[in-house]
Structure formats: structure tokens, C-alpha cells
Amino acid sequence: MDAWRAPDVPVLPGRGPEPRLRDTATGDVAIAAEGKPASLYVCGITPYDATHMGHAATYTAWDLLVRAWLDVGHDVRYVQNVTDVDDPLLERADRDGEDWRQLAARETERFRGDMEALRVVPPRYLIGAVEAIGVIDEFAERLAARGALYDLDGDTYFAREADTAFGSLSGPKTPSGLSVAQMTELSGERGGDPERPGKKDPLDALVWRARRPGEPSWDSRFGRGRPGWHVECAAIATEYLGTSFDVQAGGSDLVFPHHEFSASHARVAYPAAATERVFARVYAHSGMVAYLGSKMSKSLGNLVFVSRLRASGTDPMAIRLALLAHHYRSDWEWTEAILAEAEQRLRRWRAAVRSVPAVASARLVLDQVRERLADDLDAPGALAAIDAWADSVPSGEAGPGDPGDSAAEEAALIRDTADALLGIVL
Ligand code: 5CA
Ligand code: ZN
């Protein structure tokens, strides 16, 4: 499907350092991209409601990675999915008496508008589950050929015992350290069905759900039905990025079961030599944004929508600055005060680039912003570097000077830095 319109990204003088990310699987900080191409798979939205601040924080975090990669000169291969058929979407459509396709199309379009307003660089491929049914079916056939699937009353499950490396992202030997009991609980909370009788293992994940009356369905080698969730991302990521790629990213609520299972599916579908990596080299996860005391979530309904703030006249650059004021891995709570602070900061920065800059050199600020972002996307550190510059600019000075004079060039470089690396237009 179409992505959204790309923002202009100014080209900066020199080159930034290679971005590093904290890898959820190892807990270590790793170079995010190994070669000239830099490949990224980001789990996209399930479009049954509007983009909220949690989504926006997550997609803005990976946008910093994309921008840092562009600044290094990587050929960025970025793929994102849209889960445009799944239980929550169908339930919402049913509740509201709306056609599920219409609901998905409307909310995907709203998401595009929000991403564009927030100046998020679009993925090269934005792939809906529905348009990828054939790709998912072929991928599932690979799992079947490895003997990893079994039938339960017409539904098709993936047996996690088919993958000896299951748990390598979040299991007991990783920093997440999830026990089987914890995995079982999380699976039940996040779309799984550990209680269903007849499964070989409570954790086993649905790969193909047989048609139910009133539900959309497609032909496949497993009969008519619709795809499971993890196989959707495993199939789309490997189809568009190859069997191994640099980074898979999403919110921390996707670590288990979603990212554990999509990697597990891929390992079984594409068995490789022990030395070869299958699926992502690095797994990156953003923290959860809360509101009114609990995680902002469509199912709870405690939501602050990007589109609503935009409609009420909030500058999208202030929204973006409010998100960037938090390190992507931290959990934090959205408040009105955070937005007010961001608006204040935006005003201060805009006033500073419009007056005659003093002391700190813009090139130094660029180096600091680059260095902070390369270090596990330290956006708050990058904002502090520009704050310090803005504070050094005497307030109340008139005019940006003549274009071409050195003060105006300094201000222009600060503007380009904020724009190219932070997505903030001043
Ligand atoms: N379609 C699947 C991924 S394949 C999905 O999780 N969709 S979603 O709409 O529920 O979430 C989209 C992205 O936003 C995911 O990366 C999720 O981790 C992230 N997200 C959801 N809620 C929050 C929140 N409150 N704070 C931060 N990120 C969130
Ligand atoms: Zn996903």
C-alpha cells in the first residue's frame, strides 16, 4: 500500500557516527547496521483506532534511527507492516457496525496524515497483511515442510518445540529473563490462546485460522481462513528484507510473544548454518507511554490522539519535541505539562535561530547532536545540546542578519541540524 509523503531531509556537512542501539536479546549496545545497506523492519499499526501518543513515540524513535543512518550515508531499507486484518480490528468493526475494510482504510489514512505531520520518514515499503496473504501463505508452507505445524480443529498452529533457539530474545537466559509461566501469562494478554485445549504446548502460536462465519477469509493451502499475527511479520520481513537484516523494532509490549515468535518462525522457515543469523541482528524496543496512570491503549481507551491535538491547533513540531524529550527506552506518562514544556522549547529555539547567534558554534552543536543520537538514540541529550545553544543566544536581538553573513549561516546550520536529525522544523 502507499506510505506517506516524505519530508525533506537537509544534507548536513560531514558525516555522523554509526548509530548504536541497545539490543533487547543481549542487553549490549550494538552497531545498528553492519554494511552499507541498513535494513529495518518496524512493526506497524493495527488500524482500528487513531494514532495515539504511544504509537507516535514509537515511530518517532525509529525515525531517529533512520535519520541517523541517512546522515551516515547508509542506503536505508525500511519496511513496515499494517495489520489490516486481525481480531481487534474485526471486533471493533463488528461493535460499530462498520465494514472492517473501511475501518482499516480510514485509520490507516489517518495514521499516514499523522506521520506526515510529525515529519516521520516513510518506509520504503508499507505492506498490509491483506495484500501479503500470498507471501504469508508461501512462508507458512515452509513451516509446514519443516514439520513445524499441526492442525487443531481446522486451525493451524506452530509448535514452538520445532525451534531449538526459542526464547533467545526474551527467555530465561536473556536480560528479559521470562520464565515459561511469565510467557504463558503474556501470551494470554497479548493475542495468544494458552488456555485452548488440545494444543501441544500452551504457547504454540496460531499460523492460520480457519474461516469462521462472518469473518473475512482467503484461500490457502491450509484451507480458507486468515493469517495469524506473528507469521504476518515473519513473512513480510523476510520477503522484503531477506532472511537476515539489521534491526527489528517495536514497542516493548511486542518483545513477547510477537517478536520472539516472528524470529522463531523465521529460524524454522529458513534453517541456516549455526554461524549465520536468521532474522534481525538487533532487536530494539521502545518504552510504553502511559496516560492517567495506565499504558495508553486502544483497548483501555485512555488515549491522546495525534490527530485530535493537530485539529485543535497544536503545532506537530511541539508534539514531536514532547516525544523526543523522553529517551525511547523509558516508560513515561503523557501530561499536558509535557506538551506545554515542548511548546515553550519550540518557541525558544525558533526565537534563537531568528536572532544573532553568539558563543557556541553551530558546528559544535551538530557534532554533539550526532554524537548523542548515535549513542542509543539519546534524544534528550540531543535536545539539551540545542537548549544550551539557544540559551547562549542573547534574547531580544533583532533579525537573523543578512543571508550569507556568518551569524545567519550559524543559525541555518542549527536549523538544518534540528530538521535533518530530529525532524524538527524551526
Ligand atoms: N500491528 C501490531 C504490530 S505487527 C501492533 O502491535 N499494532 S499496535 O497498533 O497495537 O501498535 C503499534 C505500535 O505501537 C507497536 O510497536 C506497539 O508496541 C506500539 N505501542 C502501542 N501502544 C503503545 C504505548 N502506549 N506506548 C508506546 N508504544 C506503544
Ligand atoms: Zn509485527
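We count ligands from 1, going down the list as the structure has it; atoms in each ligand are counted the same way.
Heavy atoms of Pro47 stay at 4.0 angstrom or farther from ligand 1. Within the structure, ligand 1 has His52 among the residues with a heavy atom less than 4.0 angstrom away. Within the structure, ligand 1 lacks Ala57 among the residues with a heavy atom less than 4.0 angstrom away. Within the structure, the closest approach of Ser286 to ligand 1 does not fall below 4.0 Å when heavy atoms are considered. Judged by the shortest distance from any of its heavy atoms, Met53 lies outside the 4.0 Å radius around the atoms of ligand 1.
Among the atoms of Met296, some N or O lies under 3.5 angstrom from an N or O of ligand 1. Checked by distance only, ligand 1 and Asp253 come closer than 3.5 Å through their nitrogen or oxygen atoms. Residue Tyr59 has no N or O atom closer than 3.5 Å to an N or O atom of ligand 1. The shortest N/O to N/O separation between Gly54 and ligand 1 falls below 3.5 Å. Checking only distances, Val289 does come within under 3.5 Å of ligand 1, N or O to N or O. In terms of polar-atom proximity, defined here as any N/O pair under 3.5 Å, Asn81 makes no such contact with ligand 1. In terms of N/O distances under 3.5 Å, ligand 1 is approached by Gly44.
Put simply, the side chain of Ser170 never gets that close to the backbone of Phe256: no donor and acceptor are under 3.5 Å apart. Side-chain atoms of Asn302 come within 3.5 Å of backbone N or O of Lys295 as a donor-acceptor pair. Asp63 places a side-chain N or O within 3.5 Å of a backbone atom of Val121 that can act as its donor or acceptor partner. Remark: the backbone N or O of Pro10 is not paired with any side-chain donor or acceptor of Asp416 at under 3.5 angstrom.
Between Asp219 and Arg224 a salt bridge is recorded (basic side-chain N to carboxylate O distance below 4.0 Å). Salt bridge Arg190/Asp253: absent, no basic N to carboxylate O contact under 4.0 Å. A salt bridge between Arg212 and Asp155 is present, with a side-chain N of the basic residue lying under 4.0 Å from a carboxylate O of the acidic one.
When ring centroids are compared, His259 and His285 come within the 6.0 Å threshold. Separation of the Tyr59 and Phe111 ring centroids falls under the 6.0 Å cut-off. Here the two rings, on Phe261 and Phe166, have centers that are under 6.0 Å apart. Aromatic pair Trp62/Tyr328: centroids less than 6.0 angstrom apart.
Not a single N/O/S atom of His259, whether from backbone or side chain, sits less than 2.8 Å from the Zn ion (ligand 2).
For ligand 1 and Gly250, the ligand atoms under 4.0 Å from any heavy atom of the residue are 16 (O). Within the listing of ligand 1, atoms 22 (N), 25 (N) sit less than 4.0 angstrom from a heavy atom of Lys295. Residue-ligand proximity, Cys233 to ligand 1, at heavy-atom distances under 4.0 Å covers atoms 4 (S). The atoms of ligand 1 that sit less than 4.0 Å from any heavy atom of His258 are 4 (S). Residue contact check: Thr83 has heavy atoms under 4.0 Å from atoms 1 (N), 2 (C), 4 (S) of ligand 1.
Residue, atom and distance of the protein heavy atom nearest to atom 10 (O) of ligand 1 are Lys298 NZ, 3.9 Å. Atom 4 (S) of ligand 1 has as its closest protein heavy atom Trp229 NE1, 3.1 Å. Nearest protein heavy-atom neighbour of atom 15 (C) of ligand 1: Leu254 CD1, 3.8 Å. Among protein heavy atoms, the minimum distance from atom 21 (C) of ligand 1 is reached at His55 CD2, 3.8 Å.
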_side-chain contact (heavy atoms from CB on, under 4.5 Å) between Phe139 and Val231, intermediate numbers included_ = CA-CA 8 Å; Phe139 181 94; Val231 72; 3.6 Å; yes

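Put simply, the side chain of Leu339 reaches to within 4.5 Å of the side chain of Thr314, judged on heavy atoms. Between Trp100 and Asp84, the closest side-chain pair of non-hydrogen atoms is not below 4.5 Å.
Of the candidates Gly251, Ala56, Ser252, Ala249, Gly251 brings a heavy atom nearest to atom 16 (O) of ligand 1. Of all the listed residues (Val42, Ile45, Thr46, Thr58), Thr58 holds the heavy atom that lies closest to atom 28 (N) of ligand 1.
Here Cys233 contributes SG and His258 contributes NE2, and at the Zn ion (ligand 2) these two atoms make an angle of 110°, given to 10°.
Annotation: cation-pi geometry satisfied between Lys200 and Tyr150 (NZ/CZ under 6.0 angstrom from ring centroid, within 45° of ring axis).
With a heavy-atom cut-off of 4.0 Å, Glu232 does not touch ligand 1 at all.
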